Amino acid sequence: MPLRLLKQGLLGGEREPRFFPEQGELRDRYDVVIIGGGGHGLACAHYLAKEHGITNVAVLEQGYLGGGNTGRNTTIIRSNYLTPEGVRFYDASLQLFKGLSEELDINLFYSTRGHYTLAHSDEALRTMRWRAEVNRHHGVDSRVVGPEAVAADVPGIDLECGGNHPVMGALYHAPGAVARHDAVAWGYGRAAASRGVEIHQQTRVTGIRTAGGRVTGVNTDRGAVDCDAVVSMVAGSTPRITAMVDLPTPIEIYPLQACVTEPVKPFLDTIVVSGSLHVYVSQSSRGELVMGAAVDPYSLHSTRSSFEFVEGLADRLIDLLPFTARLRVNRQWAGMSDLTPDFAPIMGTTPLDGFYLDAGWGTWGFKATPISGQTMAATVAAGRNHELIEPFRFDRFADFQLVGEKGAASVGH
Amino acid sequence: MKVIDCPVIGTRPLSEFVYGGEVRRPPMDAAELSAVADHAFNRSGAPTLLREWWFHRPTSRWFVLERDTLSDRIERVVPPEEVAYAIPTL
Amino acid sequence: MPFRRSEAGPREWIDRSRTLSFTFEGRPCTAHPGDTITSALLASGVSLLGRSFKYHRPRGAVSLANHDVNALFATDADTNVRGDVTPVTDGMVADPVNVRGSLEKDADRHMDRFGRFLPVGFYYKAFHRPRALFPFWERIIRRRAGLGRVDTAWTPRRRAKRYGYCDVLVIGAGPAGLRAALDAADAGFDVLLADENPRIGGSLDYQWLGDAIADTQRDDLVARVLGHPGVTVQTSTVALGSYTDHWIPLAAPEGIIKVRARGVVLATGVLEQPAVFHNNDLPGVMLASGAQRLLHRFGVLPFERAVVQAANGEGLVAAEQMAAAGVTVAAVVAHGPGVTEADARRLTDAGIPVYRGWTVYAAHGSDAVSGVTIAPVDEAGNCDADSGETIHCDGVLMSVGWAPAGHLLYQSGGTFRYDDTLAMPVPADWPSTVVPAGRVNGAFTLGQQLADAGDAVRRLTAALRGEPVPPVVPQRDTVPHGSQWPIVPHPKDRNFVDFDEDLQLKDLEQAAREGFDNIELLKRFSTVGMGPSQGKHANLNAIRILARLRDQGIDATGTTTARPMYYPVRLEDLAGRRMRPERETPMQDWHRERGATFMEAGEWRRPAYYGADAASAIADEVAMVRNGVGLIDVSTLGKLEVFGPDAATLLDGAYTMRKGNIRLGLTRYALMVDDAGIIVDDGVAGRLADDHFYLSATSGHAEATYQTLTRKALEWGLDVHVVNRTGQLGALNVVGPMSRRVLEPLVDMDLSEASLPRLGICDTRVCGHWARLVRVGFVGELGYEIHATPAALTTIWHALLDAGAAHGIRPFGVEAQRVLRLEKGHIIVGQDTDGLTNPFEAAMPWAVHLKKPFFIGRPALAHLKGQEQRRLVRFVLPPDHAGPLPRECHLVIRNGDIAGRVTSIARSPTRGQPIGLAMVDRALADSDEPLTIRADDDVLVRGEMIAETFYDPDGVRQDADNPEATP
Amino acid sequence: MNDLTLEADVRFAVCELVGSGAPDVLRDAGLPVPETEQTALPCGAGLVAFTGRNDYLVVTADPWTPPAATPPWCLTRSDRVLCLSGGGWAHAMRQLCPHDLRQLPEGGWLAAAVAGVTAWLYRHPDRPDGILLGCDPSYGAYLDAMLTAVVRDHDRLAED
């Protein structure tokens, strides 16, 4: 029994400190206003305070902490991307994740489980090899394995997948992990608040004020505040924010859905993804299968669920893991993904001085939480892009310098 | 499942359609790079009433629908002539 | 008769004349047909049915309404089976889940004692320091996770789903639902009435049972509904959720029905809510409605001596029913205005002691209730424990209030507000075509329910007819039906708010204290409402607790989202019949018979090669095409006909190369890019008339190319018809030096270069059938693509095999074709290009005719020309290259960094050395440096870039009149 | 339950008439000309459907050859045509098709997705108790297999 629990058990919960201070009034002025109290926004606030000493910071959240995509994703963390810039960025994120429970003193249940991306065609297998080679070049443990290796790690898998899409191999990514998504936001929020950052929930930004080509403040439904810098970290709400400053972006919003089954005793220790079958699945520490698929087929600003999603997912999952047919779907939900044309994020400075963007996360925002917080904080502090995010700069589209992550387009998540 | 009511082909389930994205007009010859990039990449991402292309597979027919991307309501079927434009030819 | 069966009741579901056998934990048990696992076990005197998720506390039956998630069972073919609603079948083998050993001697039952050390959110607070120890703790925690165990040998039992349609879908066949169904059907609507229970009648069959008026109305309603031709009844059917545009999937016994209704009446009723007191989870503590269901449906008396906690008239009725059935009601404790002085007198007169202003403070017992302590309580809910009294009993009935089963209304866009009198949320607003009726809408008396249903159908009828919708005639009850605060603190806690997740009052208080004082954060931190019952019994009390802590109203506190599914549903039921659209070419059977190994190409399956051994088969197939004649089925190619005066304009606008100046009877390469200049498809465009072109497209992109062309025709206002002939025509390619000789006798025309030149296209007759001949050169030999109807193609295929037999003709597959085209240096879109490759990068500047004023992607390509940062290059490895070949997607390394990747590679039988294509950095492509490839095991392989085509650069082999090509 | 039978390969000559002048050509050949898009008229055992701008699908028992002049262009098709008949046909089709085919009147035509692939459906007045289904020949085997499975399940349920 850990001492921490022994103490709370014996002394009672009254002495437990609050995670987040009671919310006060908005100040008139902040150095930095971060829009979006999800993982990214709270992480950025934390690193601004911790690593750059900038503590006069407000995080404005229209709903509740971590209530957007931070609390709606399927918690997968990996760095087996296709492009060198992607691999470097996500590997840095993964390294931060590993020490994060200790740093934030909250158990994120960061759990390295190994990650299989199944290939059902020789085309997919080629892409797996490409990713594996780029990963290995950058010191990331990914390799192409045969169907037998998949079968050994995934009990009960039907390598024939019902006959239409047999598993021909897989990209195995040993560092692939899961973590409690909510806790990441809470941990960062607590750490940031402890250094003086203000977190304002149920505070909606209604406008961004500019003068002379730079940001001067934001308007909210609780009043206006002045500030030198605004950082937009709002994923699915990005186009609404960029519209406030007339900044056209290539971002489109698509719902991304997920579901869980009732809890059963753990049988699946790894994370399994199939791009061809549009399924990804892992089993949580509660025993639920956590599952997702591709984004919805058309753009929409909504977190409504659709029945087609669970139908399709169930249909394909039981091709892959036939025995799960008897499991029951307990709950489904959706988030709003902000997709870019090259499947890479848009980060850093923008043509508007003092306005910083952290967006375009598509379906992989959660895994980038620590590193985007850290690099965006550095970018805001220095007023120029951190070198790790320079390839993801806002104006790369205007220059036709897209990131090649779309090469792995056949494989999601 | 979403249902699309169309005056031409009747009430149809969404699964019969392919989404073709918003209606946009390309820049013509000798456009600035910025205009080209804007057309190729930028989109009306914020919630709005959007004209979009939708392809109905069983009848092999394209429709332009005006849809509210926030409420998901289809407000109007737009005649294609309204969005048509001429292209320069040799 | 088992000792706990009651006298037979008028509405019971069981057939007492027959007996079934089943086993539970290995012990033989009996049941009557109609019994659920829970009712049969209770009837046999077993009250301990399960163990809780976290603390492994003993649990029993609570609701008998599909909410008893602490009484889950495993059978040989299933797990997490809900015992309260799952019928016993003869020979069933049932076991509890989430126990180690037996239910009684569960090895984890001591977890309860450690509860104080496992407070809310404990797993966030410990086990992570030191980091190295976390995997150890995680293994322990993970072992404790989950409920039932799965068996990897289970196989899916997929059952077909179907669509269903009706004018009006009524969900819930209680009083309001029956009335609504009848009224809607009488109005001329086609009505579907669905109810989760095996019989219709709802609360009429237990809560109202014995009320003479109710009984009469029930018989009348049921008879009329069953007899009405306009009503279809679906029993044992759960409405899973409400989705966009009135789609409501119903989980019916025969499989899921996806219903689209024009209008929906939600007569879904209310869910009885538990009281929160010490040990409120002990077996023997039940919802009053649960006890009524048990008694009236299954003829089971759950107790001998019970205490009833009532905050409403429903609780008193339950007490009276229990007493009438032979249960000794030791006391009714009642607080709040829901039980009046007159009510109390009625019971007292009947010999039932009533404690008004009292509440249940605690239940006692180890594995079952043995007694309760009751205590006075004030209006604010403060309990005077010191004045408490202890009563011996073996059962507690809780009747302290209700929550609306409003999930589908919420999902339909409805909203709720808290009604202080009824002590429950009631619908505030809803769409005109999804209407609540009955108790879900706060109409509690039978009269109110029936009137409310009538009013709901009147409004729905108007909405469906497009008439003005009349205002709501309120039918909500004005007397209390629940307690505002059915929650009692206790120094020893174990007063559970959420039975699924083992959450006690203190846990929610603690979560709020730590800052999780927003209802959504409270839910996520504490996990309240996240278990299998999704908060059906927990959410309302959790909101009450938070509201009180924050000193704000229930509505201000908010609510969590009611997400589908209403009840968990099996993946195999969601999946339904397996449908995998698969396309076949006219030759598919022949390929199978011929022993082809297939590979996937979208919905098609194409022969990869013929024969058992891949390497030798591919080598032989390549050799035969180069030296003799081969035959490949290319029916999967996209085939589009373009007709009309603007045909040339369309193609000029859609493809990078000029099309308008193609001469009649000739073809030209066709490359399509997107607005960003990225290659998306390639093929061949042939001209058959001024206003008629024939196009091919890649197998995987044919449909998309068809869609692009038809859309652009509209967008550009062109007079043109595009017809997709991909599946309507088969196609083959007969190719190799002998191909002309083999084909000539079968065709009605001269095949000389003059008659059908290279890149020529013409319609002719082959084997007497209409066919289209195209002289294409993908594999670099003289060859003829023959397009024909499926029937004709089959004939032609066999005729070619016969005619070519003397020349050793053989079929070849995609693998050989890939080698052959690589020798010729032709790219495969999607393999040699990726999601960002433009034609300049693909080393095909010749395919971009910027002289055209416009084509898709031209604006981008005009800027990108000469700007490419990488380029596709040809390379060779030394002829004596030993060891394994590098593979496709192995990296090109330059100065220790990534400088590109191999996109295609093969041993060229013709050149006698490995050849390939690689996409490399421009600096490297422009240099004359060697090409270094990092192959398997980090072996660096050195190759050389070459400019010329690997094979037959001048194309003499494709000359129909070349004596070498046509020996 | 009514019997359900599947005729898996109804022999028709099928062609597609595309381009201006198509109605005249049909009329000259004595074939019916539906006036509204997405409707069809019976033509012997077959039908003529008006599928788009100037586009017609002609399904006849005997091969029909239009004049060689273009437009309109005539394209021979090899649609797989199946017939599902028996009183339960509309109910059975609910497993494969999201449309409420009870609403499809006699003589009604519908181009719709069936079992996930594009098909046309026609309620021929001569076959009041059934439906003609046509699809691209490459999907023929698949659609046949799906319908066969539906019929088989229907029979099995009927036996129970």
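Throughout, protein chains are lettered first and strands after them, A, B, ... in sequence-line order, and every chain is numbered starting at 1. Note that the coordinates shown come from a computational prediction; the quantities given were computed from them, not determined experimentally.
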For this session: Under 4.5 Å heavy-atom distance to chain A, tell me which part of C:Leu133 shows up: side chain, backbone, both or neither.
Result: neither
Exercise. Under 4.5 Å between any side-chain heavy atoms of A:Thr324 and C:Val150, yes or no?
Worked result: no
Exercise. Under a 4.5 Å heavy-atom cut-off, does chain A meet the side chain of C:Ala601, its backbone, both or neither?
Worked result: neither
Exercise. For A:Thr112, is it the side chain, the backbone, both or neither that has a heavy atom under 4.5 Å from a heavy atom of chain C?
Worked result: neither
Exercise. Top residue by heavy-atom pair count (under 4.5 Å) with chain A, among C:Phe122, C:Trp247, C:Phe525?
Worked result: C:Phe525
For this session: Could you check if a side-chain atom of A:Asn107 sits within less than 4.5 angstrom of a side-chain atom of C:Trp137, using non-hydrogen atoms only?
Result: no
For this session: Begin from the C-alpha positions of C:Arg513 and A:Arg18 and carry the test side chain to side chain contact (heavy atoms under 4.5 Å, CB included) through to its verdict.
Result: CA-CA 6 Å; C:Arg513 192 180 294 131; A:Arg18 272 185 75 95; 5.8 Å; no
For this session: Against chain C, label A:Ile318 side chain, backbone, both or neither, depending on which of its atoms sit under 4.5 Å from a heavy atom there.
Result: both
For this session: Let me know if C:Thr155 has heavy atoms under 4.5 Å from chain A in its side chain, its backbone, both or neither.
Result: backbone
Exercise. Can you tell me how far the CH2 atom of A:Trp130 sits from the CG atom of C:Leu891, to the nearest 0.5 Å?
Worked result: 9.5 Å
Exercise. Has A:Lys265 got more than 12 heavy atoms of other residues, nucleotides or ligands less than 6.0 Å from its NZ?
Worked result: yes
Seminar exercise, completed: Among A:Lys7, A:Arg180, A:Arg304, the residue with the most heavy-atom pairs under 4.5 Å to chain C is A:Arg180
Exercise. Within a strict 4.5 Å, meaning less than it, do heavy atoms of the A:Trp333 and C:Thr561 side chains meet?
Worked result: no
Exercise. Of the backbone (N, CA, C, O) and the side chain (C-beta and beyond), which part of C:Ala74 lies under 4.5 Å from a heavy atom of chain A, both, or neither?
Worked result: neither
For this session: Heavy-atom pairs under 4.5 Å with chain A are the metric here; pick the option from C:Met599, C:His890, C:Arg605, C:Glu582 that has the most.
Result: C:His890
Problem set entry | Heavy-atom contact with chain A under 4.5 Å, split by part of C:Lys258 | side chain
Problem set entry | Region of A:His138 that comes under 4.5 Å of a non-hydrogen atom in chain C | side chain
Seminar exercise, completed: Applying a strict 4.5 Å limit to non-hydrogen atoms, the region of A:Leu268 in contact with chain C is backbone
Exercise. Is it the backbone or the side chain of A:Pro17 that comes under 4.5 Å from a heavy atom of chain C, or both, or neither?
Worked result: backbone
Seminar exercise, completed: Okay, A:Gln201 and chain C: the region with an atom under 4.5 Å from a heavy atom over there is side chain
Exercise. For A:Arg129, is it the side chain, the backbone, both, or neither that has a heavy atom closer than 4.5 Å to a heavy atom of chain C?
Worked result: both
Exercise. Rounded to the nearest 0.5 Å, how far apart are SG of C:Cys889 and CZ of A:Arg131?
Worked result: 11.5 Å
For this session: For the residue pair C:Met530 and A:Asn330, establish whether any side-chain heavy-atom pair is separated by less than 4.5 Å.
Result: no
Problem set entry | C:Arg158 (side chain) donor-acceptor with A:Asp315 (main chain) under 3.5 angstrom | yes
Exercise. Hey, is the main chain of C:Glu572 close enough, under 3.5 Å, to the side chain of A:Arg326 for a donor-acceptor pair?
Worked result: no
Exercise. Is it the side chain or the backbone of C:Glu603 that comes within 4.5 Å of chain A heavy atoms, both, or neither?
Worked result: neither
Exercise. Between C:Gly830 and A:Glu123, what is the shortest heavy-atom contact and its length?
Worked result: O-OE2, 4.4 Å
Exercise. Under the 3.5 angstrom rule, does the side chain of C:Lys125 hit a backbone N or O of A:Leu5 as a donor-acceptor pair?
Worked result: no
Exercise. Which region of A:Asn164, side chain (C-beta onward) or backbone (N, CA, C, O), has a non-hydrogen atom less than 4.5 Å from a non-hydrogen atom of chain C, or is it both or neither?
Worked result: both
Exercise. Roughly how far, to the nearest 0.5 Å, is the CE atom of C:Met565 from the CZ atom of A:Arg328?
Worked result: 13.5 Å
Seminar exercise, completed: In this structure, CG of A:Asp399 is separated from NE2 of C:His863 (nearest 0.5 Å) by 12.0 Å
For this session: Below 4.5 Å from any heavy atom of chain A, which atoms of C:Tyr243 appear? Answer side chain, backbone, both or neither.
Result: side chain
For this session: Counting only heavy atoms closer than 4.5 Å, note whether A:Phe19 contacts chain C via side chain, backbone, both or neither.
Result: both
For this session: Verify, without hydrogens or angle tests, whether C:Arg116 (side chain) and A:Gly9 (backbone) share a donor-acceptor contact under 3.5 angstrom.
Result: yes
Exercise. Looking at C:Gly148, C:Ala860, C:Gly677, which makes the most heavy-atom pairs under 4.5 Å with chain A?
Worked result: C:Gly148
Exercise. Hey, are A:Arg190 and C:Glu514 close enough for a salt bridge, meaning a charged N less than 4.0 Å from a carboxylate O?
Worked result: no
For this session: May I ask you to test the C:Arg818-A:Asp122 pair for a side-chain heavy-atom distance under 4.5 Å?
Result: yes
Problem set entry | Region of A:Leu108 in contact with chain C, defined by heavy-atom distances below 4.5 Å | neither
Problem set entry | Side-chain donor-acceptor pair present, C:His128, A:Glu102, cut-off under 3.5 Å | no
Problem set entry | Part of A:Arg316 lying under 4.5 Å from any heavy atom of chain C | both
Exercise. Can you tell if the side chain of C:Pro568 reaches within under 4.5 Å of the side chain of A:Thr261, non-hydrogen atoms only?
Worked result: no
Exercise. Under a 4.5 Å heavy-atom cut-off, does chain A meet the side chain of C:Ala608, its backbone, both or neither?
Worked result: neither
Problem set entry | Contacting region of C:Asp78 [heavy-atom separation from chain A under 4.5 Å] | both
Exercise. Are C:Phe127 and A:Arg4 close enough that some pair of their side-chain heavy atoms sits under 4.5 Å apart?
Worked result: no
Exercise. Relative to chain C, which segment of A:Val260 carries a heavy atom at a distance below 4.5 Å: side chain, backbone, both, or neither?
Worked result: neither
Exercise. Does a side-chain heavy-atom distance below 4.5 Å link A:Phe400 with C:Leu864?
Worked result: yes
For this session: Count the heavy-atom pairs under 4.5 Å between each of C:Pro130, C:Gly531, C:Ser533, C:Ala153 and chain A, then report the option with the highest count.
Result: C:Gly531
Exercise. So C:Tyr123 and A:Phe109, would you call those rings parallel, tilted or perpendicular, with 30° and 60° as cut-offs?
Worked result: perpendicular
Problem set entry | Separation of C:Thr152 OG1 from A:Ile157 CD1 (nearest 0.5 Å) | 12.0 Å
For this session: Using only heavy-atom distances, determine whether the side chains of A:His137 and C:Arg934 contain a donor-acceptor pair under 3.5 Å.
Result: yes
Exercise. How long is the gap from CG on C:Leu574 to CG on A:Leu327, to the nearest 0.5 Å?
Worked result: 11.5 Å
Exercise. Given that the side chain runs from C-beta out, which part of A:Lys98 has a heavy atom under 4.5 Å from chain C: side chain, backbone, both or neither?
Worked result: both
For this session: Select one option (side chain, backbone, both, neither) describing which atoms of C:Ile893 are under 4.5 Å from chain A's heavy atoms.
Result: side chain
Problem set entry | Engaged part of A:Gln283 at the chain C interface, taking heavy atoms whose separation is under 4.5 Å | both
Problem set entry | Pairs of heavy atoms under 4.5 Å with chain C: top-ranked of A:Gly162, A:Gly63, A:Pro341 | A:Gly162
Exercise. Side chain, backbone, both or neither: which part of C:Ile519 has a non-hydrogen atom closer than 4.5 Å to chain A?
Worked result: neither
For this session: Sort C:Gln867 into side chain, backbone, both or neither according to what part of it lies under 4.5 angstrom from a heavy atom of chain A.
Result: neither
Problem set entry | Atom group of C:Asp897 that falls short of 4.5 Å from chain A, counting heavy atoms | both
For this session: Look at C:Arg149, C:Gln510, C:Arg578 and state which one has the largest set of heavy-atom pairs under 4.5 Å with chain A.
Result: C:Arg578
